[in-house]
Every structure is written in structure tokens, then in C-alpha cells.
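Remember, it's 1-based here, ligands and their atoms both numbered in the order they're listed. As a basis for the values below, the full set of heavy atoms in this structure was taken, side chains included, without hydrogen atoms, waters or symmetry mates.
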Amino acid sequence: MKAAVVYSTLTGNMKKVAEAFCTGLGEGAEIFDVANAPDPAEFDLVAIGFWVDRGHPDQKSMDYMKKITGKKVFSFFTLGAKPKSAHAFKCAYTAASYYGSGCEQIGSWHCQGAIDPKLIEQMRKMPKVPGNPHAATPETEARWAAAASHPDAEDLAAATEAAKAVRQIVTGEDPYAELKAKLKAEGKI
Ligand SMILES: Cc1cc2nc3c(=O)[nH]c(=O)nc-3n(C[C@H](O)[C@H](O)[C@H](O)COP(=O)(O)O)c2cc1C
């Protein structure tokens, strides 16, 4: 399987996740910064790793996604919001709409990512008016603090595991091949 992992990052969260994801994809996977993204036509799978910018993939990722047509694609992202939030779910749904025509979406994966401290400072200066989801409140401060330790080792291990499953889906490999070989060698099957 020839796979391209194309990532975009501002503060480094997605680079770490993309490297873990590429490791999980295994043989035939190559990693590229979106600034040096390859022609998608050369690959069986294109996995796009983006950071969430106002509910959408960041601009550079979106621009590249639009150019991909007729490929198996997988999206993964980091975001400041809680990973189980409706916002996270909507980000995944929205991202799916940016690919070019004829793409087969294998799925998507995400985890939380530390928010740029400069952005947090800006949000702390916002007026605390009802309905402003970004204003500093005990809840938003708690959310920003929770995001600060991500992606952590558990997130990176999970990204690697997700990528292994993506590989099996794309190649049609038997996920139990290793176990079966072991049991066979032991005469158990
Ligand atoms: C301009 C800007 C907009 C952002 N918009 C969102 C957003 O809409 N939702 C969200 O959950 N996180 C948002 N974030 C947080 C980032 O998506 C998050 O911190 C991500 O992990 C950054 O990844 P990176 O380190 O690879 O750049 C935003 C961050 C910035 C700087």
C-alpha cells in the first residue's frame, strides 16, 4: 500500500499525531508537511491531518483536500474542544465535505490538542457576554487547561492503533493473520 500522510500544524500538535499515524500505517507510508504535499494521484490512500480552525480544517489542509479526487481518504485532526463534544463531531462531519469528487472516505479520528497560549490570552480579553462561547469562564478555563496536556502518550498510541486499522481496511489484510500463524505454529488450529 502506498500511503501519503499529509499534515498541517501551527504549534506542533498535529506533527506529533501525524508521525504516530504514519508509524501505524507501516510499510509504504510516507509523511509530508502540507507545504510539500505530493500529487495525490500517486497514492492508494491519502490521510489528511489538520488542526481545527473555527470549526473547519485549517486553510492549507482544505486547499489540498479539494484537489484530491477519486482516492481513498482518511481525515484526522486535533482540536481544543473536548473530543467527545458535539463540536468535535461537527468538525469531522464538516471536514468530510471538502474532498474532491469520487473520494472514498475510510473514516476519521481526532484527539484534543493544546491551544496556543497567545490565543488563550486573546480569549481572556473577550467580553464575558452571554452566548460568547470563547469568553473566559470557569468552564472554558477548565477546558483550556484540559487541552494543554494533549496530545499525550495515550493519544499518540491511539493514533497508531487507528492507522493500523485503516491499513487493514485499505489493503484487505486479515487482522488476525498474526494470531492465526501463532496458534497454527502451536498446533492449536
Ligand atoms: C485561529 C485558531 C482557531 C481555532 N479554532 C478552533 C475551533 O474552532 N475549535 C476547536 O476545538 N479548536 C480550535 N482551535 C484550537 C486548535 O485546533 C488546537 O489547539 C490544535 O490542536 C492546534 O494544532 P497544531 O498544534 O497542530 O497547530 C483553534 C486554534 C487557533 C489558533
Novice: Who gets closest to atom 18 (C) of ligand 1 by heavy atom: Cys111, Gly80, Ala81, Ser85?
Specialist: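 The nearest heavy atom belongs to Gly80.
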Novice: Which heavy atom of Ala37 sits nearest to which heavy atom of Tyr64, and what is that distance?
Specialist: CB-CE1, 3.5 Å
Novice: Mind checking whether Asp116 has a heavy atom under 4.0 Å from ligand 1?
Specialist: no
Novice: Got the closest protein heavy atom to atom 31 (C) of ligand 1, with its distance?
Specialist: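 In this structure, atom 31 (C) of ligand 1 has Leu119 CD2, 3.7 Å as its nearest protein heavy atom.
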Novice: I need the atoms of ligand 1 closer than 4.0 Å to a non-hydrogen atom of Asp53, numbered in the order shown.
Specialist: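 The list of qualifying atoms is 1 (C), 2 (C), 3 (C), 4 (C), 5 (N).
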Novice: Taking atom types as modelled, find out whether Thr11 and Asp116 have a side-chain donor-acceptor pair closer than 3.5 angstrom.
Specialist: no
Novice: Nearest protein heavy-atom contact for atom 6 (C) of ligand 1: which residue, which atom, what distance?
Specialist: Val52 O, 3.3 Å
Novice: Under the 3.5 angstrom rule, does the side chain of Thr94 hit a backbone N or O of Lys90 as a donor-acceptor pair?
Specialist: yes
Novice: For atom 2 (C) of ligand 1, what's the nearest protein heavy-atom neighbour? Residue, atom name and distance, please.
Specialist: Trp51 CZ3, 3.6 Å
Novice: Side chains of Ser149 and Asp152: is there a donor and an acceptor less than 3.5 Å apart?
Specialist: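 Looking only at side-chain atoms, Asp152 and Ser149 do not form any donor-acceptor pair under 3.5 Å.
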Novice: Under 4.0 Å from a heavy atom of Ile115: give me the atoms of ligand 1 that qualify, with their elements.
Specialist: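 Answer, ordered by atom number: 19 (O).
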Novice: Tell me the protein heavy atom at minimum distance from atom 5 (N) of ligand 1, and give that distance in Å.
Specialist: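 I find the closest protein heavy atom is Arg54 N, 2.9 Å.
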Novice: Could you find the nearest protein heavy atom to atom 9 (N) of ligand 1 and give me its residue, atom name and distance?
Specialist: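 So the nearest neighbour among protein heavy atoms is His87 NE2, 2.8 Å.
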Novice: As a test of understanding, state which of Gln168, Glu173, Arg167 forms a side-chain hydrogen bond (donor to acceptor under 3.5 Å, both in side chains) with Thr171.
Specialist: Glu173
Novice: Would Ser75 and Tyr99 count as having a side-chain donor-acceptor pair, cut-off 3.5 Å?
Specialist: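 Yes.
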Novice: Taking only heavy atoms of Leu10, which atoms of ligand 1 are found under 4.0 Å from at least one of them?
Specialist: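 Near Leu10, the atoms of ligand 1 are 24 (P), 26 (O), 27 (O).
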Novice: Scan Tyr93, Phe50, Trp109, Phe21 and name whichever one has a ring-ring contact (aromatic ring centres under 6.0 Å, His included) with Phe77.
Specialist: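 The single option meeting the ring-ring contact (aromatic ring centres under 6.0 Å, His included) with Phe77 is Phe50.
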Novice: Step by step, would you call Val34 with Tyr7 a side-chain contact (heavy atoms from CB on, under 4.5 Å)?
Specialist: CA-CA 5 Å; Val34 70; Tyr7 72 90; over 6 Å; no
Novice: Can you report which non-hydrogen protein atom sits closest to atom 19 (O) of ligand 1, along with the distance?
Specialist: Ala114 O, 2.8 Å
Novice: Can you sort out which atoms of ligand 1 are near Thr78, meaning under 4.0 Å from one of its heavy atoms?
Specialist: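 Those of ligand 1 that fall under 4.0 Å from Thr78 are 17 (O), 20 (C), 21 (O), 22 (C), 23 (O).
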Novice: Starting from atom 22 (C) of ligand 1, what is the nearest protein heavy atom, named by residue and atom, and what distance separates them?
Specialist: Asn13 ND2, 3.5 Å
Novice: Applying side-chain contact (heavy atoms from CB on, under 4.5 Å), run through Lys72 and Phe43 and close with a yes or a no.
Specialist: CA-CA 9 Å; Lys72 288 188 167 72; Phe43 298 89; over 6 Å; no
Novice: Are any side-chain N or O atoms of Asp53 and backbone N or O atoms of Gln59, one a donor and one an acceptor, separated by less than 3.5 Å?
Specialist: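 No, Asp53 side chain to Gln59 backbone: no donor-acceptor pair under 3.5 Å.
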Novice: Just jot down the ligand 1 atoms closer than 4.0 angstrom to any heavy atom of Thr9, in number order.
Specialist: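 Counting atoms of ligand 1 from 1, those under 4.0 Å from Thr9 are 24 (P), 25 (O), 26 (O), 27 (O).
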Novice: Considering heavy atoms of the protein only, find what lies nearest to atom 25 (O) of ligand 1 and give residue, atom and distance to 0.1 Å.
Specialist: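 It is Thr11 OG1, 2.4 Å.
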Novice: Would you mind listing which atoms of ligand 1 come within a distance below 4.0 Å of any non-hydrogen atom of Gly55?
Specialist: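 Ligand 1 atoms under the 4.0 Å threshold to Gly55: 7 (C), 8 (O).
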